[in-house]
Each structure stands twice: as structure tokens, then as C-alpha cells.
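Let me begin by presenting the structure, written as C-alpha cells, before commenting on it.
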2 protein chains.
Amino acid sequence: MSQGVEWALHTCLNLSWLDAPVPTGTLAAFYELPPAYLNKQLQALARAGILTSTSGPRGGFQLARTPAAISLLDIVAAIEGPEELFQCDQILRKGPGEHAGVDYRQSCAFAQAMRGADLAWRRELAGKTVADVRADVERGHPEAPANTRARIVELR
Amino acid sequence: MSQGVEWALHTCLNLSWLDAPVPTGTLAAFYELPPAYLNKQLQALARAGILTSTSGPRGGFQLARTPAAISLLDIVAAIEGPEELFQCDQILRKGPGEHAGVDYRQSCAFAQAMRGADLAWRRELAGKTVADVRADVERGHPEAPANTRARIVELR
DNA sequence: GTAGTTCTACTCGGATAGTATCTGTCCGAGTGCGCCCGG
DNA sequence: CCGGGCGCACTCGGACAGATACTATCCGAGTAGAACTAC
């Protein structure tokens, strides 16, 4: 699974503590990440409607909706794409007893099982939002929001 | 997710209907797969203890244990490796408020959530065995075992 | 003093290289079977 | 006719290229703000 997912998750959490656009360079410096490559990931989040981007001075990225409306699945899907983990290539098409026109992505027992596991994974991710994670973090580290805000203005 | 997983799943199912070693070439011809590359996947299954391999004439691969003792997770893990889907690189190490020596793979809220989803996925896969899938297939297509056996001897 | 204009610096966005992993292929080591030879 | 030895064809196993996708970088288009000028 792509590296950018972790960057996107933590960056979204940080943005949830801020209410003004933050440029890529500042967000990258926060974790010492390559700025241009982080920018690429944030572009994907913007295309997915999770972030909004504003150009020019005082521009940058900010959350497009409330943290409670952003699930971890939204972020993962924005970076990794909407495809399932297991892609059925229907090799049964080449086997014996094949009925042309059958969609083995639906009828193959293995494809069904893999899809079931995929759905269980997605259900877990869809059930956790950025707001949930933020609450967990603030419970364990009440100073985190202030620290983050301070570091961001320090890096501007 | 790797292509070889689908090949491995279907090949294990086919082998569950047979009780003698089948060479890679025959198994590959069954679905018109590249023989040498399928061989590579079967080697991985053998290393994982799912198949046993015998060299020489009349050799090949066969299941190492009963189909009820082979879960889909076993096969997936043999091909893809034992790593989790999401790898936490602990970028928090580079952030503010960092306490040296903390293992963020354990304490980071995102890592915990991703691990939970991973476990849900694995639980689904571990709960389904090759024997289960075989029963499903035989229910829908009672002729499948005989067809498979016939095709295998035909391709020998 | 104020409004309009220009200029500049800053930001995103997509186009462009480098690298690791997945995909596919090849040849050598080992092995069991069948054949041949001798008794 | 029967037993032993030899040769051979077959199979796995790991070492070797090619293709795809991930990682990383750079430069141009657009924009908001500030500075400057004219009234």
C-alpha cells in the first residue's frame, strides 16, 4: 500500500486543527517530507473533494468538509484509487466448462470470498472518521492541537 | 494485489480434486497461463507448506494437507508475504512533541485503525477454506470435479 | 489622501526523470523410470 | 527367465531480463497582495 496514504492521513488530521489554508511546503516541513511529492498526494485529495486548494499568496490546502464527514476510507480511496484489493481476471474463462458471457467476477466463488473480505476491510475504514481519530489523540495528548498550531505558524 | 494470487487459489482448488502430483506445465495449460511464472508461485506455496513438490518423471505438485486445513489467508500470505496492507513508517517521529523511543506502530491512532481494518480483512480470509469453496462450487456445478480430472489427464 | 494600475512573490498543477516491485523467461541440478546387458 | 546397472527424459528450483507502477523532482500558469503613481 502506497506510502502517501500515511502522509495524507496525518496531514488531514493536522489540517483539522487549523482553519486557514496551509501551503504544501509548510505541511511537508512538519514531517520532513519531500514537498513536491506531498503536493501530488494533496492534489489527489483535492480531486476527491476532501481538500480545497487556493492559489497565490496566503493560499494552500484546507479541509473541504467537517472532519466528522471524512472517513479513513475516503482518504485511502483518494490516494490508492477505488479498485478492490483483489482484482479478478476471470481465468476461469480459459478453463473447461466455460459458458461464454458469464461474468466470473460475480459467480466465481473465490471472487465472492475475496470481495467479502474487501468489504469487511472497507467497512472498518468507513466507520472511522478523522474526527474520531482527532478525539482519540486529544484524549491521550491534550497539548497536541496547540503544539501543531504553534509549529505550523513557526514553519510558515 | 498480485496476479499470482488468483492463479494460486484456482490451482489449489483443482489440486484438491486430484490425488497425484501434477506438473506445472499441466496446471498452467489448464488456464493458458505462462508455465514458468506459475511455477514461481507454486514454489512459494510449497515454501509455505501448502503444497509438496516432487521432482522427476511422474512428479509435480499436490496439496500438503487436507483442503479443510488450507484457508484463503494461507494462500494469500504465501504469495503476497506476511506484511500488513498498511505499513506505518512512523512519520510522527519527525513531528513535534515526539518522545524518542516510542513505537508509533503501536501508539499512533491511525496505525491502530488501519491495523483493525487489516485484521477484519484477515479474519474473513482465515474463515474460508479451500474445502468451503470446493463445496460451493460442487453445489452449483456438480460436474466440475469430473471435468477437471478429465481435462488434467487430457493435458498430461 | 485616495483610487487605479502595475509589479512581484507566492501557490498550485501537471509534465518529466529515477527506482523498486511485479511479471515473465531461461537454463541447470536432481530424480525416478525404462531399457539394456549379463548371468 | 531374472536381476543389476546404465542412460535418459522429465520435473523442480533458482538465476536472469522486461514492464509496470510507485517515488521523487522541476518548471510554468494563475492569483492575491503590496507598492507605486497619478489625480
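Heavy atoms only: backbone and side chains are in, while hydrogens, waters and symmetry mates are out. Residue numbers start from 1 in every chain, and the chains themselves are labelled A, B, ... in the order their sequence lines are given, proteins ahead of strands.
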Quick check on dG13(D): is either OP1 or OP2 less than 4.0 Å from any side-chain nitrogen or oxygen of Ser55(B)?
no
Please determine whether salt bridge (charged side-chain N to carboxylate O under 4.0 Å, His left out) holds for the pair Arg65(B) and Asp74(B), giving the CA-CA distance in whole Å, both sets of side-chain angles, and the decisive distance to 0.1 Å.
CA-CA 12 Å; Arg65(B) 8 183 179 120; Asp74(B) 294 332; 3.7 Å; yes
Which nucleotide of DNA chain C is the first, and which the last, in the 5' to 3' direction, to come under 4.0 Å of a heavy atom belonging to chain A?
dC10(C) to dA15(C)
For residues 43-56 of chain A, which side-chain donor-acceptor pairs fall under 3.5 Å, sequence neighbours excluded?
unit_1: Thr54(A); atom_1: OG1; unit_2: Gly60(A); atom_2: N; d: 3.3
unit_1: Thr54(A); atom_1: OG1; unit_2: Gly60(A); atom_2: O; d: 3.4

Are the side chains of Asn39(A) and Pro35(A) in touch, meaning some heavy atoms are under 4.5 Å apart?
no
With a 4.5 Å heavy-atom cut-off, do Lys128(A) and Leu73(A) have their side chains touching?
no
Please report, rounded to the nearest Å, how far the C1' atom of dT23(D) is from the CG atom of Asp89(B).
13 Å
Among the clusters formed by ILVMFWY side chains lying less than 4.5 Å apart, do Tyr104(B) and Val130(A) turn up in the same one?
yes
Encoded 5' to 3' (Watson-Crick or G-U under 3.5 Å; [ ] crossing; | other strand), DNA chain D becomes |||||||||||||||||||||||||||||||||||||||
Interatomic distance where CD belongs to Glu80(A) and C1' belongs to dA21(D) [whole Å]
11 Å
Return a table of donor-acceptor pairs under 3.5 angstrom between the side chains of residues 75-89 of chain A and protein atoms on other chains or two or more places apart.
unit_1: Glu80(A); atom_1: OE2; unit_2: Ser2(A); atom_2: N; d: 2.8
unit_1: Glu84(A); atom_1: OE2; unit_2: Arg115(A); atom_2: NH1; d: 3.2
unit_1: Asp89(A); atom_1: OD2; unit_2: Gln3(B); atom_2: NE2; d: 3.0

Output the rounded distance in Å from CD1 (Ile79(A)) to C1' (dT23(D)).
13 Å
Are any non-hydrogen side-chain atoms of Val5(A) and Phe110(B) less than 4.5 angstrom apart?
no
Return the value, rounded to whole Å, for the distance between atom OH of Tyr37(B) and atom P of dG14(D).
16 Å
With nearest nucleotides of DNA chain D determined for Pro57(A) and Pro34(A) from heavy-atom distances, which residue corresponds to the more 5′ nucleotide?
Pro34(A)
Could you check Gln3(A) against Gly56(A) and say which one's nearest nucleotide on DNA chain D is further toward the 5' end?
Gln3(A)
Transitive ILVMFWY side-chain link Leu119(B) to Leu72(B), under 4.5 Å
no
What is the distance from CZ of Arg58(B) to P of dC10(D), rounded to the nearest Å?
13 Å
Tell me whether the side-chain N/O atoms of Arg156(B) come closer than 4.0 Å to OP1 or OP2 in dT11(D).
yes
Does anything in residues 40-50 of chain B reach DNA chain D, meaning a heavy atom under 4.0 Å, and if so which residues?
Lys40(B), Gln43(B), Arg47(B)
Show every donor-acceptor pair shorter than 3.5 Å between a side-chain atom in residues 146-156 of chain A and any protein atom, with sequence neighbours excluded, or say none if there are none.
unit_1: Thr148(A); atom_1: OG1; unit_2: Ala144(A); atom_2: O; d: 2.9
unit_1: Arg149(A); atom_1: NH1; unit_2: Trp17(A); atom_2: O; d: 2.8

Do Thr129(A) and Asp132(A) have a side chain donor and acceptor closer than 3.5 Å?
yes
Expressed in angstrom and rounded to an integer, what is the separation of Leu33(A) atom CG from dT25(D) atom C1'?
15 Å
I want to check something: taking the side chain as every heavy atom from C-beta on, are His10(B) and Ile91(A) in contact at a cut-off of under 4.5 Å?
yes
